[in-house]
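A quick write-up on the structure given underneath.
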Amino acid sequence: MTEPSPEFESLTQRLDRLISLVERAVPPAPTPTDMSSADAFVWHPLPKGLVAVPQVNRIPLQLLQGVDQCKSELLENTKRFSNHLPANNALLWGARGMGKSSLVKAVHAEVNASLPHTVTPLKLVEIHREDISTLPDLLTTLRASPYRTIIFCDDLSFDGDDASYKSLKAALEGGIEGRPENVLFYATSNRRHLLPRDMMENERSTAIHPGEAVEEKVSLSDRFGLWLGFYKCSQDEYLAMVQAYVAEFSLNVSEETLRQQALEWSATRGARSGRVAWQFIQDLAGRLGQRLDGN
């Protein structure tokens, strides 16, 4: 048997190296996610797949104070969706710290808790703002799922020349396939139109046709049939939030002391919101030597 020539061995080694490089450059096919393993997931685009979240960071719906109208509308919309009835994509916009993302997660848990055991639970999938351009891939993954799913994006907004909003527009309403019947999209944002005001005004002032210059980007918010506005809370609403937490966790503090310390806490931060109320409760519980997990 003739031994391989040095040239043949060199070629073989080069081919082996080339194959190795190709294998590293091309990611393996994504492993199908078992969506029965959890009720909540996080979408990861590289490698593409859904990662289960065994325990969601959320608070009970009844603890969200000062947002009763938003709570009622989002809960009703989500219940209709879980019951295979028409429902709208929702944009929760407005003041920081008023419980927009907390409401989405709390409503998801509330709806699942009310479903009969014979009904498949509603799934919640979080997609990060920087991954919005991969939303069509996520929709393709969920289209074949037997579960009804809410895709959730927290703190959604677009700046400058960011063109990823086009992926979101097409996924919500446009395209030949359209949004899957078993998928709904909920987003939170500090901006009603998902764009900074100075950017919109700049485009209006420099364009030949000011209205047309921003129409494409502003129309993104029109893809959300349900708009829920969150506004800065009053002092009474802030104190109601604090008192609800105190009652929920059975914190041992007098009403007078609670009021005084809660108002002082908000004054030092220059704000009143659900987030500020929760931060105060964590500080208060720590000083009292009490835990907030029921133990």
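Excluded from the calculations below are hydrogen atoms, water molecules and symmetry mates; all remaining heavy atoms, backbone and side chain alike, are included.
The minimum heavy-atom distance between Ser36 and Tyr147, with the atom names listed, is CB-OH, 3.2 Å. What you find for Ser266 and Val276 is that their closest heavy atoms are CA-CG1, 4.2 Å. Nearest heavy atom pair, residue Gln290 against residue Phe249, reads NE2-O, 4.2 Å. Scanning all heavy atoms of the two residues, the minimum distance from Thr134 to Asp131 falls at OG1-O, 2.6 Å. Listed here is the closest heavy atom pair of Leu61 and Lys71: O-NZ, 3.4 Å. Contact detail for Val53 and Ala38: the closest heavy-atom pair is O-CB, 4.2 Å.
The number of heavy atoms from other shown groups lying within 6.0 Å of CD (Glu264) does not exceed 12. The 12-atom threshold is exceeded at CD of Glu130, counting heavy atoms of other residues, nucleotides or ligands nearer than 6.0 Å.
Within the 4.5 Å cutoff, side-chain heavy atoms of His108 are placed close to those of Asp39. The closest side-chain heavy-atom distance from Leu156 to Trp93 is not below 4.5 Å. By the 4.5 Å heavy-atom criterion applied to side chains, Leu239 and Leu263 are counted as neighbours. Looking only at side-chain heavy atoms (C-beta outward), Leu91 and Ser189 come within less than 4.5 Å of each other. For the pair Leu142 and Leu50, the minimum side-chain heavy-atom distance is below 4.5 Å. Gln62 is listed as a side-chain neighbour of Glu248, based on a closest heavy-atom distance under 4.5 Å. The shortest distance between side-chain heavy atoms of Trp265 and Leu284 does not fall below 4.5 Å. Tyr186 has its side chain within reach of Asn77: a pair of non-hydrogen atoms, C-beta onward, lies under 4.5 Å apart.
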task: Could you check Ile151 against Leu135 for side-chain contact (heavy atoms from CB on, under 4.5 Å), going step by step and ending with a plain yes or no?
output: CA-CA 9 Å; Ile151 299 177; Leu135 182 58; 4.0 Å; yes
query: Do Asn182 and Ser145 pass the side-chain contact (heavy atoms from CB on, under 4.5 Å) test, and can you show the C-alpha distance, the side-chain angles, and the key distance before you say yes or no?
result: CA-CA 8 Å; Asn182 65 325; Ser145 168; 4.3 Å; yes
message: Between Glu255 and Arg259, does the salt bridge (Lys or Arg N to Asp or Glu O under 4.0 Å) criterion hold? Intermediate values first, please.
response: CA-CA 6 Å; Glu255 186 173 341; Arg259 178 184 175 87; over 6 Å; no
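Results of the side-chain contact (heavy atoms from CB on, under 4.5 Å) test with Leu138 over Ile132, Val183, Val125, Thr149 single out Val125 as the only residue that passes. Each of Met98, Gln235, Lys232, Met241 was scored for a side-chain contact (heavy atoms from CB on, under 4.5 Å) with Arg272, with one residue passing: Gln235.
For the ring pair (Phe, Tyr, Trp, His ring centres under 6.0 Å) test, no residue two or more places apart in sequence or in another chain qualifies with Phe152. By the side-chain hydrogen bond (donor to acceptor under 3.5 Å, both in side chains) test, Asp155 is found to be paired with no residue, residues two or more places apart in sequence or in another chain being considered. Contacts of Thr188 classified as side-chain hydrogen bond (donor to acceptor under 3.5 Å, both in side chains), with partners at least two apart in sequence or in another chain: Asp154.
Note: the hydrophobic cluster containing Leu75 also contains Ile150 (ILVMFWY, side chain heavy atoms under 4.5 Å, direct or indirect links). Under a hydrophobic clustering in which Ile, Leu, Val, Met, Phe, Trp and Tyr are joined whenever their side-chain heavy atoms come within less than 4.5 Å, directly or via other members, Phe280 and Ile59 fall into the same cluster. A continuous path of Ile, Leu, Val, Met, Phe, Trp and Tyr side chains, each step under 4.5 Å between heavy atoms, connects Leu288 with Ile281, placing both in one hydrophobic cluster.
A donor-acceptor contact shorter than 3.5 Å links the side chain of Tyr238 to the backbone of Ala262. In this structure a side-chain-to-backbone donor-acceptor pair under 3.5 Å is present from Lys123 to Met35.
In this structure, CZ in Arg148 is found 11.0 Å from CG in Leu115, a value given to the nearest 0.5 Å. Annotation: the span from Leu122 atom CG to Glu110 atom CD amounts to 12.5 Å, rounded to 0.5 Å. Here the CG atom belonging to Leu292 is positioned 11.0 Å from the OG atom belonging to Ser250, to the nearest 0.5 angstrom. To the nearest 0.5 Å, atoms CZ (Arg96) and CZ (Arg275) are separated by 8.0 Å. From Lys48, atom NZ reaches atom CH2 of Trp43 across 6.5 Å, with rounding to the nearest 0.5 Å. Rounded to the nearest 0.5 Å, atoms NZ (Lys79) and OG (Ser114) are 5.5 Å apart.
Ser102 and Trp278 are not linked by any side-chain donor-acceptor pair at a separation below 3.5 angstrom, with hydrogens and angles left out of the test. Between the side chains of Gln69 and Glu73, at least one donor N or O lies within less than 3.5 Å of an accepting N or O.
Between Phe185 and Phe224, the angle of the ring planes lies from 30° to 60°, which puts this pair in the tilted group.
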